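Since we're looking at a predicted model, the values are computed, not measured. Below, chains carry the letters A, B, ... as their sequence lines are ordered, and counting in each starts from 1.
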Protein chains: 2
Amino acid sequence: MVAAIIEYNKDINSTKDKPIRRLLLHEEIAQRLRWLIFSGELIPEARVQEKDLCDRFNISRTPLREALKVLASEGLITLLPNRGARVTRLTSEDAEELFPVMGALEALSGELACASITDSQIAEIKAMHYQMALHHTRYERQEYFSINQKIHRKILETTGNTILASVYNSLAGRIRRVRYLANIDRARWDQAMVEHAQILAALEARDGVKLAGLLKSHLMRTLAAVKATIEVGSSEKNGF
Amino acid sequence: MVAAIIEYNKDINSTKDKPIRRLLLHEEIAQRLRWLIFSGELIPEARVQEKDLCDRFNISRTPLREALKVLASEGLITLLPNRGARVTRLTSEDAEELFPVMGALEALSGELACASITDSQIAEIKAMHYQMALHHTRYERQEYFSINQKIHRKILETTGNTILASVYNSLAGRIRRVRYLANIDRARWDQAMVEHAQILAALEARDGVKLAGLLKSHLMRTLAAVKATIEVGSSEKNGF
DNA sequence: AAGCAAAATTATGAATTCAAAATTCAATTA
DNA sequence: TAATTGAATTTTGAATTCATAATTTTGCTT
C-alpha cells in the first residue's frame, strides 16, 4: 500500500506532463469572437459594442476588452481610441499584400512536407482530394471549400512546424470570410481543380521544389478571384 | 479671418488623414515591455510580477494585463493561468521552426524588392553595406549587428508590403535577443560577410530569384550559429 | 422645418475592488 | 533536523467603479 503510494508519487514527479491549463476567460472569448467574425455575424466596419458582447457572453468588460486587444494584434479588428472597436475590413490592397506572404508560407509548407510525409499521410490526402473532386463535379461549393481548407491544413500539419502553421492560420483567418463567400466562376473552379491534381501529383512524387511552385502559383491565382469578390462586395456596401 | 477658418475646416474635411490616434496605454506598455525583453532586462523563464511592472510604469494593472495578453499572442511571453506570466524561453526546437519560416519570408522580401527597388534605394543599402563591412574589419560586433538589422529591414521596407514586414518583425522579435548575444566565431562572421556581399550583388543586379536563394541560405546558416548559442545559454542556466 | 448649441445620455479607458488561487512561512510531528 | 500541515500573505482573474470622451437628444433660433 505504502509502496504503491511511493510508486505513484515517483511517477508523478518523473513524468513531466505539460501543465493542465484551465483556459483563461479572455482566450475563450477571443476564440468565440473569431468565430463570430468568420461566420459573418460580426460585419466589417460595423462598430463592436462592448456592452452587447458582454451581455451575450455574460461576462464583464475586462476579459472582453482583453480579448479585443488580442484580436487587434491579429489584425482581425481595429481599435479606434475612445471610439470603440470594429471588424477590420479587408481591402483589395490588403489581399494583395496577404497573398504573396501566404504563398511563400504555403510553398515552404509543401517543401517541408515532401521531405517528411509518410505514405499513409499521402493516402489520406489523396482520399480527401477525390472527395473534393466529387464535390466539384456536384457543384457543392461549401463542401468543396471545406475539404479544400482541410487539405491545405493537413499539408501544414505534416511539416510538424507549429510556428509555420500558426502564422499561416493567422493570415488565412483574415481572408477566410472572403474566400468562403467568393463566388468563383465555373472556369476558375475547373482550373483550380486542375491545379489541385498537379499539387497531389507533386506530393506523391515528393517533389518539394515542384510542389512549392505549384502552391505558390495556386495562391496567386486565387488572389485574383478573391480580389474580384472584394470589389463586388465593396460596391454593394456589404463589404468584407 | 472667418474665411481663413472656413478654409481650414474645408482642408480638415477634404484631406483624409489617417486619424491621429492618441495611443492606447496598453500599446505603449506593450512596446516598453518588448524593449525590456529585447534588452535582456526581463529574463526568460523568470516570472513577470504584475505589481513590479505597475509600479515601474506607474499604471494600474488593467492596461498592463492587456499588454501582457498581446505579448502572449505574439509568443514573447507565456501565460500560466493563476501563476502569472513569464518571458518565453527560446528553445533549440523553436529556432528550428522559426528560421525556415523567416527564411521563406526573407526570400519573398528579396524577390519583391528586386521588382521595385529604385537606384537610390540600392545606393542607400550599398552605403550601409560598406559601413557594416567597416565594423566587421574593426571587430565591432554591436555596431555590425545593428547595421545588419537595418539592411534587412530596409529591404523589407522596399517591398512596400506592410504585412510581410510585420509578420517578419514579429518572428524576428522572438530571436532578437539570442542573435544579439550570439557569440558567433570569427570564421562564421567572415562567411556571413561573404554572403552579404553576394546579397548586395544580387540586389544590384535585381536578380530576384538569386537574391531569394541567397537570403534563404544565409538565414539557414545563421540558424546553426544561433542554435549553438542557445545550447551554451541553456547549459549555463542563463537561457534565452 | 432645418440648423445649431447645449444638456443628457452612453460608451470607453483605466483604476479600484473583491473573490479565489497560489505562495510563503511558521508550527508541528516524526 | 527534515518533512509536512495549515494559517497568513501575496498574487492573480475578473467585476465593479469612476472619470472623461463621444454620441444622442432636446430645445432654441431663424
Side-chain angles (χ1 to χ4, degrees), chain A residues 1-3 5-10 12-13 17-33 42-43 45-73 76-88, chain B residues 2 5-6 8-10 12-13 17-33 42-43 45-73 77-88:
Chain A
M1 184 59 176
V2 173
I5 290 167
I6 290 168
E7 279 299 328
Y8 181 68
N9 283 339
K10 267 176 71 183
I12 291 254
N13 293 326
D17 290 314
K18 64 182 69 166
I20 300 147
R21 49 188 315 173
R22 190 201 53 198
L23 78 162
L24 292 158
L25 195 44
H26 85 273
E27 290 177 353
E28 166 73 18
I29 299 299
Q31 192 51 48
R32 294 216 207 171
L33 286 174
L42 257 37
I43 308 293
E45 295 288 275
R47 187 168 180 178
V48 176
Q49 207 84 345
E50 294 181 1
K51 179 115 194 335
D52 298 345
L53 295 171
C54 288
D55 291 346
R56 174 175 194 142
F57 297 134
N58 254 76
I59 53 162
S60 77
R61 283 172 59 221
T62 305
L64 175 79
R65 285 169 61 80
E66 289 170 348
L68 289 178
K69 266 77 180 172
V70 170
L71 291 235
S73 90
L76 281 174
I77 66 162
T78 306
L79 299 176
L80 291 319
N82 293 315
R83 307 194 55 190
R86 50 202 64 200
V87 178
T88 308
Chain B
V2 173
I5 289 167
I6 291 168
Y8 181 67
N9 283 338
K10 268 177 70 182
I12 290 255
N13 293 326
D17 290 315
K18 63 183 72 168
I20 299 147
R21 48 191 312 176
R22 187 204 59 200
L23 74 162
L24 292 159
L25 197 43
H26 85 272
E27 288 177 354
E28 167 73 18
I29 299 298
Q31 193 51 48
R32 293 216 207 171
L33 286 174
L42 258 36
I43 308 292
E45 297 287 275
R47 186 168 179 178
V48 176
Q49 207 84 348
E50 293 181 1
K51 179 109 192 342
D52 298 345
L53 294 171
C54 287
D55 291 348
R56 174 176 194 140
F57 297 133
N58 254 76
I59 52 162
S60 76
R61 284 173 60 223
T62 305
L64 176 79
R65 286 169 60 80
E66 289 170 346
L68 290 177
K69 263 79 181 172
V70 170
L71 291 234
S73 91
I77 66 162
T78 305
L79 299 176
L80 290 320
N82 294 315
R83 306 192 56 188
R86 50 203 61 200
V87 178
T88 308

> How many angstroms lie between CG in B:Leu68 and CG in B:Leu53, if you round to the nearest 0.5 Å?
Replying inline: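 That separation rounds to 7.0 Å.
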
Rounded interatomic separation in angstrom, taking [atom1] from [X] and [atom2] from [N]:
| X | N | atom1 | atom2 | value |
| --- | --- | --- | --- | --- |
| B:Glu27 | C:dA14 | CD | P | 10 Å |
| B:Leu64 | C:dA14 | CG | C1' | 12 Å |
| B:Lys51 | D:dT12 | NZ | C1' | 14 Å |
| A:Leu80 | D:dT23 | CG | C1' | 14 Å |
| A:Lys69 | D:dG13 | NZ | C1' | 16 Å |

>> So, under a plain 3.5 Å distance rule, would you say the side chain of A:Arg83 forms a donor-acceptor pair with the base of C:dG13?
In response: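 Flag unset: no donor-acceptor pair detected.
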
>> Does B:Thr62 contact C:dA15 through a side-chain donor or acceptor facing the base, at a distance under 3.5 Å?
In response: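 Such a pair is found, so the answer is yes.
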
[options]: which one has an atom nearest the side-chain heavy atoms of [X]?
| X | options | value |
| --- | --- | --- |
| B:Arg61 | D:dG13, D:dA15, C:dT12 | D:dG13 |
| A:Gln49 | D:dA15, C:dA11, D:dG13 | C:dA11 |
| A:Leu25 | D:dA15, D:dA14, C:dG13 | D:dA14 |
| B:Pro63 | D:dA14, C:dT12, C:dA14 | C:dA14 |

> For B:Gly84 and A:Ser60, take the nucleotide of DNA chain D holding the closest heavy atom to each; which residue's nucleotide lies nearer the 5' end?
Replying inline: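 Closest to the 5' end, via its nearest nucleotide, is B:Gly84.
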
>> For a quick check of understanding: with a heavy-atom distance under 4.0 Å over all strands, which category does B:Glu66 fall into, base, sugar-phosphate or nothing?
In response: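 No contact.
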
> D:dT12 phosphate, OP1 or OP2: any side-chain N/O from B:Arg47 under 4.0 angstrom?
Replying inline: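 Checking B:Arg47 against D:dT12: at least one side-chain N or O falls below 4.0 Å of OP1 or OP2.
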
>> Please give me the minimum heavy-atom distance between B:Ile43 and B:Val87, naming the atom from each residue.
In response: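 Looking at all heavy atoms of both residues, the shortest contact is O-CB, 3.7 Å.
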
> Salt bridge check: are B:Asp52 and B:Arg56 linked by an N-O gap of less than 4.0 Å?
Replying inline: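 Result for this pair is no, no salt bridge flagged.
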
